[in-house]
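A quick write-up on the structure given underneath.
We name chains A, B, ... by the order of the sequence lines, and we start the count at 1 in each one.
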Protein chains: 2
Amino acid sequence: MAQRRLVVVGGDAAGMSAASRARRLKDREQLEVVAFERGRFASYSACGIPYWTGGVVDGPGALVARTPEEHRERGVDLRMLTEVTELDLPGQRVRARDLTSGRETWHGFDDLVLATGARPVRPPLEGVDAPGVYGVQTLDDGKALLDGLERTTGRRAVVIGAGYIGVEMAEALVRRGFAVTVVERAAQPMATLDPDMGALVREAMCGMGVEVVTGTAVTGVVTGGDGRVAAVATEDGEHPADVVVLGLGVRPETTLARAAGLPLGESGGLLTDLAMRVRGQGNVWAGGDCVEVLDLVSGRTRHIALGTHANKHGQVIGTNVGGGYATFPGVVGTAVSKVCDLEIARTGLLEEQATAMGLRFVTATVESTSRAGYYPQASPMTVKMLAERRTGRLLGVQIVGREGAAKRVDVAAVALTARMTVDQMTALDLGYAPPFSPVWDPVLVAARKASASVATG
Amino acid sequence: MAQRRLVVVGGDAAGMSAASRARRLKDREQLEVVAFERGRFASYSACGIPYWTGGVVDGPGALVARTPEEHRERGVDLRMLTEVTELDLPGQRVRARDLTSGRETWHGFDDLVLATGARPVRPPLEGVDAPGVYGVQTLDDGKALLDGLERTTGRRAVVIGAGYIGVEMAEALVRRGFAVTVVERAAQPMATLDPDMGALVREAMCGMGVEVVTGTAVTGVVTGGDGRVAAVATEDGEHPADVVVLGLGVRPETTLARAAGLPLGESGGLLTDLAMRVRGQGNVWAGGDCVEVLDLVSGRTRHIALGTHANKHGQVIGTNVGGGYATFPGVVGTAVSKVCDLEIARTGLLEEQATAMGLRFVTATVESTSRAGYYPQASPMTVKMLAERRTGRLLGVQIVGREGAAKRVDVAAVALTARMTVDQMTALDLGYAPPFSPVWDPVLVAARKASASVATG
């Protein structure tokens, strides 16, 4: 049998998982695996950047799961600092530019994996490209930020956007001794939570000395005489800044895919089938932050940039390219995060999302504790649950609390996947012992309250 | 409408939950609620006794969720130190003895709730009733033990049985400065785990200085000249003891039910329908440690004494007695525990149980960590998963690890309830962020390995 050629575009989680998996399933006589990465790092944890910035973990080495050399030793021909600049799908080849030499070459493929990731949202504001303004998407970004923080003598930082990245970066900058202001257009931080839950996050951020400015839009980045950032301007005034971090989230990086006419969703992410094959294509696959995934709760595709999904996509693609069979059924929208000792989690739909879908629902919010009330270090947590009226089907859960709060959302994630009702959830046989849970786990307390509302509502 | 009379036998979790719930649903003109408790404590957390003994939590007050006075203020006529000595089901009445005065009276009921709990296994050994030998089932037991520990000048303790209670009591006694030996008939401690996982617990127990003697049966309790316990005799020799704690587990306390001819299962626990009504009865209900529950994985009834089940049973009974409708669908066999900083969890079937049921299965054991490997305090954990051959249905999970290990079993508990396959589990959207999980959660790593075994096995 002739050797087949797999080309992977993008050397982070999805791309390298796909490459490694396919490599394990097919030997070198059967399959050649070439991967192109335009940056200086591959197979790394972008999620670790805030902790690297904050000095909680070492970097960048520790954030790299497998070095380029290790990939090559395992038979993946990974070309670093090499950017794919064009996809020729009818010709089954890609054009790649060696960023060091500037030389361009064409590479033929039998299977193509697009794992081009995401790019941070850079608002079209004056001054947003000024020195001292940083995005945090790649390890290269993280390194640039850290270099910048070390060079800066000023100690004022402004974070634009109070989503996961913004909140985590605020904590990191506080740890590095900066006076931090977070500016957010929405009424509360963490727009991935309902506003009432986001308000709890705001409290914790203020508690660690972060100034949280919400309900105001950024209108520009003000530069000083040296051309460097000097302040962030908002509708309500200016916030002086020696450093600005963009925490506005990310968008799928699908420039190549768009140019090649591949199908994109509303967010600009690639659309795939369940095997992670680009829709309508036979041998083009896509995964990670550049795709939209099926949200099993809403039944719609969404863009969710998360390393854990990217790894799963890569695993599925690699299995399929390697001659096996695997699918990625979709997500339920789980996300966990922390700011200082506050743990934040959500899964499923927010109120706003459920309403937009035309769903009628009840909500239940309860206060409980991580351990039996009498056990040392029992810490408070707030659990909010959404359930559909009449059917009682679980729609979503949000949790804000201290130690032991965030990962409790996993119970709801599995329940959503299994399309359980909140009434069914009240009987779940969750682990109980005083050091681990009250006799009614907080998730069950919320389910009981939601179930009662469904019954009477 | 005439006032109905609810009589509850047993004033702990199941009984008082039922009483309280029924009380909330019906006002006093509609329903009289009388509860009898033979001990001096009601509505308490027996699970907290090891932590009280170890000085980790205060007791006994802190372990009492609601005092008798509080129950009475809420309209539950709770009679303490009053033992029900006979059930007259045809006559719809119970005979109760005031343990202080010795006076006996009959009390009529329209609905009867049996929540008589469990009693610690006391092996029929010579000397087992000697002073210095303690069971730990009720708060009264706990108080007797603590009094005994304070009076004892010796510092040698032997725990008979290395199940949950035995292991937890061993830690408690170490905390109180005792030299502790645990004697267990099985080959490894924690017979609620497979032996390979139990071996990990043994290591941790030895690490905290406990002598773990396994594979030997206790043959008697040796008393000294003063009649007090002096040693525990085993097939392999004697272990000197100033204090002996029985950690052999519990059996349903169903003496009254048996005398009344009510249906009992193999363990001696009462058999109920899903509404927690005793089978074949119209107005007799039972819940908590005195019943057998349906194991949803094996399809059989089992006796599992756990406060969290007792509370759920009480809630279901109270709802039904109060004119509502609720059921307890069953359990999947989840249990969590800790010994020092080692967390121990299981759900579903062990290898031995699955084999006994005639199931053919694969096992997968993986090592992973509680957080991203690069994140501080990432602690190791071992996850073992059982899945049915061909179908791939999840059969059970066991986890032994440090901080963040035990409650991960909840994911498997929900997956078992939903009858998921391990292949389905590999795609679960569990919370991921570096402080909370590696990019593949340990449960997912195990599911991947199990799924691969199912596919090839």
Side-chain angles (χ1 to χ4, degrees), chain A residues 13 45 47-48 51 56-58 62-63 65 164 296 306-309 311-312 315 327-338 343 345 347 372 374-376 404 406-411 413-418 420 424 426-437 439-441 448, chain B residues 13 45 47-48 51 56-58 62-63 65 164 296 306-309 311-312 315 327-338 343 345 347 372 374-376 404 406-411 413-418 420 424 426-437 439-441 448:
Chain A
S45 170
C47 329
Y51 309 104
V56 177
V57 308
D58 292 334
L63 300 183
Y164 287 110
L296 297 170
L306 255 184
T308 187
H309 300 333
N311 272 278
K312 287 175 184 141
Q315 184 78 9
T327 59
F328 181 80
V331 303
V332 292
T334 311
V336 296
S337 186
K338 69 182 267 302
E343 300 188 2
T347 189
Y374 57 78
Y375 198 88
K407 280 292 266 179
R408 274 186 158 85
V409 83
D410 285 349
V411 164
V414 187
L416 280 170
T417 306
M420 283 188 181
Q424 288 174 321
T426 62
L428 284 173
D429 186 2
L430 305 185
Y432 163 64
F436 300 114
S437 175
V439 72
W440 289 95
D441 188 278
R448 282 172 66 186
Chain B
S45 170
C47 328
Y51 309 103
V56 176
V57 307
D58 292 333
L63 300 183
Y164 286 109
L296 297 169
L306 256 183
T308 187
H309 300 331
N311 272 277
K312 287 174 183 141
Q315 183 78 10
T327 60
F328 180 80
V331 304
V332 291
T334 311
V336 297
S337 186
K338 69 183 266 301
E343 300 188 1
T347 189
Y374 56 78
Y375 198 88
K407 280 293 265 179
R408 275 187 158 83
V409 83
D410 286 349
V411 164
V414 186
L416 281 169
T417 306
M420 283 188 180
Q424 289 173 320
T426 62
L428 283 173
D429 187 2
L430 305 185
Y432 162 64
F436 300 114
S437 176
V439 71
W440 289 95
D441 189 278
R448 283 172 64 185

Q. Pick from A:A413, A:S45, A:A335, A:A372: which one has the most heavy-atom pairs with chain B under 4.5 Å?
A. A:S45

Q | Partner chain B: residue of A:D441, A:L296, A:V411 with the largest heavy-atom pair count (under 4.5 Å) | A | A:V411

Q | Set of residues satisfying salt bridge (Lys or Arg N to Asp or Glu O under 4.0 Å) with respect to A:D429, sequence neighbours excluded | A | none

Q) Of the listed residues (B:A65, B:P434, B:G48, B:A433), which shares the most heavy-atom pairs with chain A below a 4.5 Å separation? A) B:P434

Q: Under 4.5 Å heavy-atom distance to chain B, tell me which part of A:T426 shows up: side chain, backbone, both or neither.
A: backbone

Q.
Within this structure, what is the CG-OH distance for the pair A:D58 and B:Y374, rounded to the nearest 0.5 Å?
A. 12.0 Å

Q) Quick one: does B:Q424's side chain get under 4.5 Å of A:P329's, heavy atoms only? A) no

Q | Pairs of heavy atoms under 4.5 Å with chain A: top-ranked of B:K312, B:R448, B:M420 | A | B:K312

Q: With the side chain counted from C-beta on, respond yes when B:P376 and A:Y51 share a heavy-atom pair under 4.5 Å apart, and no when they do not.
A: no

Q | Interchain contact, A:Q315 with chain B, by part (heavy-atom threshold 4.5 Å) | A | side chain

Q) Of all of B:T327, B:N311, B:T417, B:V332, which one pairs up most often with chain A through heavy atoms under 4.5 Å apart? A) B:N311

Q: Check salt bridge (Lys or Arg N to Asp or Glu O under 4.0 Å) between B:D410 and all other residues, then give those that pass, not counting sequence neighbours.
A: B:K407

Q) Which one of A:L430, A:V409, A:V57 has the most heavy-atom pairs closer than 4.5 Å to chain B? A) A:L430

Q. In Å, rounded to the nearest 0.5 Å, how long is the span from OH of B:Y432 to CG of A:L306?
A. 8.5 Å

Q: Report yes if some heavy atom in the side chain of A:P435 is under 4.5 Å from a heavy atom in the side chain of B:E343; otherwise report no.
A: no

Q: Check whether A:F436 gets within reach of chain B through its side chain, its backbone, both or neither, counting any heavy atom under 4.5 Å.
A: both

